[in-house]
Amino acid sequence: MDTATPPDAARLTFRDATEGDVPALVTLIESAYRGDSSRTGWTTEADILQGQRTDEQGVREVIDAPAGRLLAVERDGGLVACCQLEHRGDAAYFGMFAVRPGLQGGGLGKLIIAEAERTARESWGVGEMHMTVISVREDLIAWYERRGYRRTGVLTPFPYGDERFGIPQRDDLAFELLVKNLEVSDAGKGA
């Protein structure tokens with residue numbers, strides 16, 4: 001059930017990713033979204049995109065971004081997930097979210113996104129979290145909506161022809177902006 005807390009939640013540790021994490025992060029992100037290994041989880045994009053999701057340069061750029069950070073999530077010393085946070089004025093951007101495919105569906109994603117929201121709110125004082133999701137990913141968008149995100153209808157074209165983002169298998173891909181008001185989450189703070 002979506003509301004259950006995973007029994008191993010207390011064993012999760014969150015830290016800023018470093019240069020030494022880059023190869024493992026690329027492997028994690030690729031395994032969560034592309035190729036046959038991604039089909040173990042439910043976040044696969046294998047039917048709509050082939051090729052790479054990211055590469056070492058892309059991950060390094062996120063780690064080195066002055067206004068952002070890449071959170072590495074570990075359990076028992078092993079990398080199980082990651083997510084990008086970037087400060088953008090009054091909002092934070094959430095991206096590069098990946099959970100190891102064999103662990104998807106067990107509630108880790110819900111815990112990780114809640115920690116990312118808390119971190120963005122406390123680090124930067126932002127009132128909103130923004131993200132972009134491929135608009136045809138209805139199941140993934142519904143998951144984010146259950147976490148309080150709302151569709152905006154604001155679309156950005158998919159970068160067709162730039163294989164750094166994958167090789168599209170359909171011609172109707174676009175990114176939709178999803179937004180969550182983080183100030184609402186503060187209502188129960190301190191209780």
Side-chain angles (χ1 to χ4, degrees), residues 1-14 28-29 31-34 37-49 53 68-75 79-88 90-124 126-156 158 170 172-191:
M1 181 196 254
D2 231 20
T3 59
T5 299
D8 58 352
R11 296 186 302 157
L12 292 180
T13 57
F14 295 79
L28 170 68
I29 295 163
S31 74
Y33 291 96
R34 302 290 162 78
S37 66
S38 69
R39 295 181 194 281
T40 304
W42 69 274
T43 61
T44 185
E45 295 173 344
D47 293 330
I48 60 172
L49 291 161
R53 168 73 184 243
R69 57 203 297 193
L70 184 59
L71 294 179
V73 184
E74 296 176 325
R75 186 175 65 195
L79 183 67
V80 296
C82 68
C83 65
Q84 167 193 15
L85 293 174
E86 184 179 319
H87 188 198
R88 296 183 178 177
D90 293 336
Y93 177 80
F94 178 81
M96 209 172 270
F97 185 31
V99 174
R100 191 182 321 154
L103 299 176
Q104 292 177 15
L108 288 178
K110 179 172 60 172
L111 292 171
I112 293 163
I113 197 167
E115 177 63 15
E117 292 165 357
R118 185 197 65 76
T119 299
R121 198 171 45 246
E122 290 181 6
S123 296
W124 301 315
V126 295
E128 288 185 339
M129 183 77 88
H130 293 184
M131 70 173 71
T132 55
V133 178
I134 297 174
S135 61
V136 299
R137 298 290 318 276
E138 295 294 337
D139 55 344
L140 186 58
I141 291 171
W143 187 86
Y144 285 121
E145 287 178 315
R146 290 191 300 274
R147 312 260 118 35
Y149 288 81
R150 65 178 170 75
R151 297 181 88 156
T152 64
V154 175
L155 299 176
T156 304
F158 187 86
R170 4 182 340 167
D172 62 344
L173 301 181
F175 294 105
E176 183 171 358
L177 175 66
L178 305 183
V179 175
K180 180 177 181 177
N181 181 340
L182 297 181
E183 295 167 335
V184 171
S185 301
D186 285 340
K189 203 171 183 178

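Reckoned from all heavy atoms, side chains included, excluding hydrogens, waters and symmetry mates.
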Side-chain contact, heavy-atom cut-off 4.5 Å: [X] with [Y]?
X: Arg146; Y: Lys110; answer: no
X: Leu108; Y: Val73; answer: no
X: Glu115; Y: Leu12; answer: no

What is the distance from atom [atom1] of [X] to atom [atom2] of [Y], rounded to the nearest 0.5 Å?
X: Ile113; Y: Leu111; atom1: CD1; atom2: CG; answer: 11.0 Å
X: Leu28; Y: Leu79; atom1: CG; atom2: CG; answer: 5.0 Å
X: Tyr144; Y: Glu176; atom1: OH; atom2: CD; answer: 13.0 Å
X: Thr13; Y: Arg75; atom1: OG1; atom2: CZ; answer: 11.0 Å
X: Met131; Y: Lys180; atom1: CE; atom2: NZ; answer: 8.5 Å
X: Ile134; Y: Ile48; atom1: CD1; atom2: CD1; answer: 4.0 Å

Under the rule for side-chain hydrogen bond (donor to acceptor under 3.5 Å, both in side chains), what residues qualify as partners of [X], not counting sequence neighbours?
X: Tyr149; result: Glu117
X: Glu74; result: Arg15
X: Arg69; result: Asp16, Ser123

Suppose we screen for ring-ring contact (aromatic ring centres under 6.0 Å, His included). Which residues come up paired with [X], at least two apart in sequence or across chains?
X: Phe158; value: Tyr160, Phe175
X: Tyr33; value: none
X: His87; value: Trp124
X: Tyr93; value: none

Using every non-hydrogen atom in the two residues, find where [X] and [Y] come nearest and quote the distance to one decimal.
X: Leu140; Y: Trp42; answer: CD1-CH2, 3.7 Å
X: Gly127; Y: Asn181; answer: O-OD1, 3.3 Å
X: Ala120; Y: Met129; answer: CB-CE, 4.0 Å
X: Ala116; Y: Cys83; answer: CB-SG, 4.0 Å
X: Leu155; Y: Ser135; answer: CD2-CB, 4.2 Å

Taking only residues two or more places apart in sequence or in another chain, which ones pass salt bridge (Lys or Arg N to Asp or Glu O under 4.0 Å) with Arg100?
->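 In terms of salt bridge (Lys or Arg N to Asp or Glu O under 4.0 Å), with neighbours along the sequence ignored, Arg100 is linked to no residue.
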
Could you tell me which residues satisfy salt bridge (Lys or Arg N to Asp or Glu O under 4.0 Å) with Arg39, sequence neighbours excluded, listed by chain and number?
->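 Once residues adjacent in sequence are excluded, the partners of Arg39 under the salt bridge (Lys or Arg N to Asp or Glu O under 4.0 Å) criterion are Asp36, Asp47.
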
Qualifying residues under side-chain contact (heavy atoms from CB on, under 4.5 Å), relative to Asp90, sequence neighbours excluded |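 Result, side-chain contact (heavy atoms from CB on, under 4.5 Å) vs Asp90: none returned.
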
For Val179, all residues meeting side-chain contact (heavy atoms from CB on, under 4.5 Å), sequence neighbours excluded =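 In terms of side-chain contact (heavy atoms from CB on, under 4.5 Å), with neighbours along the sequence ignored, Val179 is linked to Glu128, His130, Arg150, Thr152, Leu177.
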
Scan for ring-ring contact (aromatic ring centres under 6.0 Å, His included) pairs involving residues 97-123, sequence neighbours excluded, and state none if there are none.
->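 Checked against ring-ring contact (aromatic ring centres under 6.0 Å, His included) - neighbours excluded - the pairs reaching residues 97-123 are Phe94-Phe97.
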
